[in-house]
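Input: a single structure, listed below in structure tokens.
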Amino acid sequence: MPNILIPENADCFVQGPHVALWRWQRSNDQGELAYHLWQTMRAEDVHLRYFHEEFVGAHGHLRGDLACFITHYLLPPDRANLIITAKDSGIIYGVIDFHVFASQRYAMFGVWTTKAGRKHAQEAGKLATSWAFCVLPVDTLFGFSPHKYVQEYGIRGGWTSLGHIPRFFVDATSGEKKPMYGVTVTREDWELTHAKDETFSPMKGM
């Protein structure tokens, strides 16, 4: 069985039955898309929770503003971003990002979708996982959050639960101590299972 998760196959994983993904970088956004996404976060009242609770150490002092959004997604050289869109209409549903630690060959996975895009979030996550293992210099992906949904999302998508650590995060807004929930997946496990899913796989038709 040939290796599926190679750079040449990356384009096979940017489109599924309902979702299309495309790479978001400073080179293809002069600020309009970033502003649109941040405004959508504000309209759905999630920007403060997202930055204050899930990225407390790096972003808590920036109060979830536009500068915080740009700093998190577009400025770091070690971050890869994918925009989630509806395949049929092109409507933007959210963003998936990977914070890459190349020397340790792992990346931190993050996902945010609009309320309208939640039904497509699982498909987007599976596509993005395969894409990441094709393109990024990593062998393991991790996801951590003070919200248990990260485990539910990960497990449904074929990742493995890491359990939780009680009282790990300190919410920068409330001061409340919250647990850290974690999920992970390795390149080997993913290639043996979901990367060969006939819905997305380049093996289809071989």
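The basis for the numbers below is simple: all heavy atoms, side chains too, and nothing from hydrogens, waters or symmetry mates. Starting from 1, each residue takes its place in the sequence as its number.
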If every non-hydrogen atom of [X] is compared with every non-hydrogen atom of [Y], which pair is closest and at what distance?
| X | Y | answer |
| --- | --- | --- |
| Ala121 | Thr113 | CB-CG2, 4.0 Å |
| Ala80 | Leu136 | CB-CD2, 4.0 Å |
| Leu21 | Ala128 | CD1-N, 3.8 Å |
| Asn3 | Leu5 | OD1-N, 2.9 Å |

Main chain of [Y], side chain of [X]: is a donor-acceptor contact present, judged purely on distance under 3.5 Å?
| X | Y | value |
| --- | --- | --- |
| Gln151 | Val183 | no |
| Asp29 | Leu74 | no |
| Lys178 | His147 | no |
| Asn9 | Cys12 | no |
| Asp97 | Leu82 | no |
| Tyr93 | Val19 | no |
| Thr184 | Phe142 | no |

Considering residues at least two apart in sequence or located in another chain, which fulfil the side chain to side chain donor-acceptor pair (under 3.5 Å) criterion with His99?
-> Asp78
Point-to-point distance, once rounded to the nearest 0.5 Å, from [atom1] of [X] to [atom2] of [Y]:
| X | Y | atom1 | atom2 | answer |
| --- | --- | --- | --- | --- |
| Ile91 | Ile84 | CD1 | CD1 | 14.0 Å |
| Thr140 | Glu188 | OG1 | CD | 7.5 Å |
| Asn81 | His72 | CG | NE2 | 7.5 Å |
| Arg26 | Gln30 | CZ | CD | 7.5 Å |
| Tyr35 | Thr40 | OH | OG1 | 10.5 Å |
| Thr129 | Arg187 | OG1 | CZ | 12.0 Å |

Report the relative orientation of the aromatic rings in Phe109 and Phe98; use parallel for angles under 30°, tilted for 30 to 60°, perpendicular for over 60°.
-> perpendicular
Parallel, tilted or perpendicular: which fits the ring planes of His120 and His18, with parallel below 30° and perpendicular above 60°?
-> parallel
Please step through side chain to side chain contact (heavy atoms under 4.5 Å, CB included) for the pair Ile96 and Leu127, ending with a clear verdict.
-> CA-CA 11 Å; Ile96 291 175; Leu127 288 169; over 6 Å; no
Side-chain heavy atoms of [X] within contact of [Y], under 4.5 Å:
| X | Y | value |
| --- | --- | --- |
| Glu44 | Thr114 | yes |
| Phe13 | Ile4 | yes |
| Ser145 | Met180 | no |
| Trp159 | Asp189 | no |
| Ile6 | Cys134 | no |
| Gln104 | Phe101 | yes |
| Glu152 | Arg156 | yes |
| Asn28 | Trp22 | yes |

Please assess Trp24 against Val95 for the test side chain to side chain contact (heavy atoms under 4.5 Å, CB included), listing each intermediate value before the final yes or no.
-> CA-CA 9 Å; Trp24 180 36; Val95 61; 3.9 Å; yes
Has Asp45 got more than 12 heavy atoms of other residues, nucleotides or ligands less than 6.0 Å from its CG?
-> no
Where do Trp131 and Asp11 land on the side chain to side chain contact (heavy atoms under 4.5 Å, CB included) test, with the steps shown first?
-> CA-CA 8 Å; Trp131 177 90; Asp11 287 348; 5.8 Å; no
Should Leu75 and Phe69 be counted in the same cluster of Ile, Leu, Val, Met, Phe, Trp and Tyr side chains packed under 4.5 Å apart?
-> yes
Do Leu162 and Phe168 share a hydrophobic cluster (ILVMFWY, side-chain heavy atoms under 4.5 Å, transitive)?
-> yes
Criterion side chain to side chain contact (heavy atoms under 4.5 Å, CB included) on Phe144 and His164, from CA distance to verdict = CA-CA 9 Å; Phe144 294 108; His164 75 282; over 6 Å; no
Pick from Val185, Asp139, Thr186: which one makes a side chain to side chain contact (heavy atoms under 4.5 Å, CB included) with Phe133?
-> Val185
If we ignore angles and hydrogens, is there a donor and acceptor under 3.5 Å between the side chains of Trp190 and Ser130?
-> yes
